[in-house]
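Remarks on the structure that follows.
Remember, predicted model here, so these are calculated numbers, not experimental data.
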Amino acid sequence: MRSTTSELNWSGTVTYTAERVFRPSSIDEAAEIVARSPRVHGLGTRHSFNDVADSPGVLLDLTGIPTDLEVDRDRRTVTMGAGTRYGAVAPEIDRAGFGLHNTGSLPHISLGGAIATGTHGSGTALGSLSTAVRSFEVLGPDGAGRTIGRDDPAFDGSVLHLGLLGIVTRVTLDVEPTYRMRQDSYGPIPWDRFTANVAEVHAAAASVCSYTVFGDEVSEVLLKSRVPDGADDVAVPDELFGAPKLPGSPGDGHHTARDGSVGPWWDRLPHFPIESVPSHGSEVQSEHFVPLRHAAGALDAVRSMSERIQPHLHVCEIRTMAADPFWLSPSQGEDVLCIAFTWQKHPAEVAALLPDLEALLAPFGGRPHWGKMSSLDGTAIAGLYPRLADFRALVAAADPDRTFASAFGERVLGT
């Protein structure tokens, strides 16, 4: 077991304030640390751009706990260590004959961290990564473990928990028979044509992502089309709302194949290949979710800030997600559009922009991603989540002595 201090997040823009960071190599070691620590919090692959994973006291880096993959063919589930990276285990799930319904664009994130913060892929009919959870094992304040499953009345409040309910050690996910996909790019689409048809554009394939810098167009739309069972390929359109298909781009160390070639789900759903790290953290990120019915108005509102946004922007990716019932989910209640900014590594300048950007999205019910930069305080958040009081009660019951408390939870959620 390794102990370290003064560690940073992936982008190097957040310094953890914890006194120590431990990396246990087993669940038993993790339980011992929890039992003797007045304050402790779980830590994954450090891809959050705020202090959601930080806490005074001890942080537990769960990436050292073995994957120990269990495949249950009858129940169609897979169970593994919560610190497992999606990319590390996805090919093994595929070899067992199964597939996940969705993945994030980055396959290097951990299951536990992604699920706890509402991380997602894209697809109007696809739920976030949290929606695949059948059950999970969690260590309580005394280090004892328990399992929370879908039959638990508090399940919808527990899946997306921001680390405030305990240390999640293993996760069981639903799977389906393995499948194949292809990726094709289209563009550009004039801005007004895109916003007038944004829901239809994002319904054109199983998973769709669109890219813009808020100029006069959406530069590229990436269709990730699922190949029907038993077929060699699937037909794709020659153009998309007047935009031609772009020249194919084979996969390399920076992105997965976008040339229409057919490949496994785990190499087409993510944007980045599992065998390489796509960047060195030279960025910061913010993401903002609005109901899909407000997509055009919200996008136009953001575009009104283009002159201020563009000097600090790498690119903005537009995605969609299906509704879910989870109390703290950004997609709780209805289908959403996600406006995901990959900013240049200008954290101070981005922080200065966010209050105005989020004020423009407020009339549309804009919710921030829990793991990304945001200016919203507890008052604003309380108005966006109707089950927040229930979540606070759930945390108080599970952790009366606030072993798993965090500054983020206190400041943003009032826990």
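- Asp54 meets the side chain to side chain donor-acceptor pair (under 3.5 Å) test with Thr17; sequence neighbours excluded.
- Counting only N and O atoms by type, the side chains of Glu220 and Ser185 include a donor and acceptor under 3.5 Å apart.
- With no hydrogens or angles considered, no side-chain donor-acceptor pair links Thr45 and His108 at under 3.5 Å.
- The environment of CG in Asp356 is crowded: more than 12 heavy-atom neighbours from other residues, nucleotides or ligands sit within 6.0 Å.
- A donor-acceptor pair shorter than 3.5 Å can be found between the side chains of Asp61 and Thr63.
- Using modelled atom types and a 3.5 Å distance limit, the side chains of Thr178 and Asp94 yield a donor-acceptor pair.
- Around CZ of Arg146, the count of heavy atoms belonging to other residues, nucleotides or ligands within 6.0 Å does not exceed 12.
- Using modelled atom types and a 3.5 Å distance limit, the side chains of Asn50 and Ser48 yield no donor-acceptor pair.
- For residues 372-382, the set of pairs meeting the salt bridge (Lys or Arg N to Asp or Glu O under 4.0 Å) definition, not counting sequence neighbours, comprises Glu287-Lys372.
- Using a 4.0 Å cut-off between charged side-chain N and carboxylate O, Arg134 and Asp72 make no salt bridge.
- For Thr131 and His101, the side-chain atoms include at least one donor-acceptor pair closer than 3.5 Å.
- Salt bridge Asp156/Arg387: absent, no basic N to carboxylate O contact under 4.0 Å.
- Residues His271 and Glu317 have side chains that bring a donor and an acceptor to within less than 3.5 angstrom of each other.
- Residues forming a ring-ring contact (aromatic ring centres under 6.0 Å, His included) with Trp266 (at least two apart in sequence, or on another chain): none.
- Neither side chain, Thr256 nor Asp267, offers a donor N or O lying under 3.5 Å from an acceptor on the other.
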